[in-house]
Amino acid sequence: MPPGKIILLHGPSSSGKSTLARALQSTIDAPFWHYSIDHIKDAGVLPSARIQSGEFNWSSLRPAFLSAFAHSVGVIMAEGNNLILEHILDQHVDVPQLRQTLVDQDLFFVGLHCPLDVLQAREIARGDRFKGSAAVDFQTVHAGMTYDFIVDSTAPAAQSANQLIAAWHKRSGRSAFFDHPDKIP
């Protein structure tokens with residue numbers, strides 16, 4: 001079975017990655033899984049209460065978790081599944097690991113851009129994020145990144161999904177995600 005295709009959605013917290021992923025999944029002309037760290041967290045896989053209480057140190061658990069997550073993406077793809085992956089990349093851990101895992105995959109790298117005031121309003125409305133995480137991400141998440149396609153996530157999700165799908169169908173060559181593999185973007 002040939003490996004699946006992957007659309008990697010990258011942007012700050014509250015930038016609309018999940019909303020866009022759902023719009024893509026309901027529109028694109030092939031079956032795609034929607035996968036993210038939030039899905040794992042929300043399923044109760046992590047001992048979140050004990051991490052939040054400080055009993056377990058998230059900083060020490062995080063590298064192994066992110067490595068396992070990257071490997072799980074590779075396994076899903078190897079079985080021929082198409083994947084919409086939403087992620088806030090840690091440039092020092094995730095990017096090298098995902099590049100190694102997905103080096104031979106058909107990957108389309110999408111950046112979601114959104115004004116800071118909109119991110120902050122969404123963060124407050126959601127109520128399930130650490131206050132200020134959107135602002136921190138806004139300052140760092142796109143630094144040095146080159147994308148195959150950029151989405152203005154203030155546009156309606158259905159419109160963005162249609163534009164992204166059109167660009168995805170026209171893609172050719174290797175994804176910008178793999179540019180300069182010896183450097184972190």
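One is the number of the first residue; the rest follow in order along the sequence.
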Distance check, rounded to the nearest 0.5 Å: [X] atom [atom1] versus [Y] atom [atom2]?
X: L98; Y: L85; atom1: CG; atom2: CG; result: 6.5 Å
X: Q105; Y: R174; atom1: CD; atom2: CZ; result: 10.5 Å
X: D106; Y: D104; atom1: CG; atom2: CG; result: 11.5 Å
X: L61; Y: L66; atom1: CG; atom2: CG; result: 10.5 Å
X: S15; Y: I88; atom1: OG; atom2: CD1; result: 7.0 Å
X: L9; Y: L164; atom1: CG; atom2: CG; result: 7.0 Å

Same cluster or not: are [X] and [Y] linked, directly or through other Ile, Leu, Val, Met, Phe, Trp or Tyr residues, by side-chain heavy atoms under 4.5 angstrom apart?
X: L89; Y: V103; result: no
X: F177; Y: I7; result: no
X: M145; Y: F138; result: no
X: V151; Y: L119; result: no
X: W33; Y: I37; result: yes

Does the [X] side chain pair with the main chain of [Y], one donor and one acceptor, at a distance under 3.5 Å?
X: S26; Y: A23; value: yes
X: R122; Y: S14; value: yes
X: R62; Y: S59; value: no
X: K17; Y: P12; value: yes
X: H169; Y: A166; value: no
X: D148; Y: V110; value: no
X: S53; Y: R50; value: yes
X: S36; Y: H87; value: no

Begin from the C-alpha positions of F32 and L24 and carry the test side chain to side chain contact (heavy atoms under 4.5 Å, CB included) through to its verdict. CA-CA 9 Å; F32 272 79; L24 284 168; over 6 Å; no
What's the shortest heavy-atom distance between [X] and [Y], and which atoms?
X: L102; Y: M77; value: CD2-CG, 4.2 Å
X: L112; Y: S153; value: CD2-CB, 4.2 Å
X: F109; Y: S175; value: CB-OG, 3.6 Å
X: H34; Y: Q25; value: N-NE2, 3.5 Å
X: Y147; Y: H142; value: OH-ND1, 2.5 Å
X: L116; Y: A135; value: CD1-CA, 3.6 Å

So among I6, N82, L83, which one has a side chain to side chain contact (heavy atoms under 4.5 Å, CB included) with I76?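 So the option named by the test is L83.
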Side chains of E86 and S18: any donor to acceptor distance under 3.5 Å? yes
Relative to the ring of Y35, is the ring of F69 parallel (under 30°), tilted (30 to 60°) or perpendicular (over 60°)?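 Parallel: the ring planes of F69 and Y35 meet at under 30°.
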Show, in sequence, the C-alpha distance, side-chain angles and deciding distance for T154 and C114, and conclude whether the side chain to side chain contact (heavy atoms under 4.5 Å, CB included) test is met. CA-CA 6 Å; T154 60; C114 190; 4.0 Å; yes
Start with the C-alpha distance between F149 and W168, add both sets of side-chain angles, then the distance that settles side chain to side chain contact (heavy atoms under 4.5 Å, CB included), and finish with yes or no. CA-CA 8 Å; F149 189 73; W168 178 74; over 6 Å; no
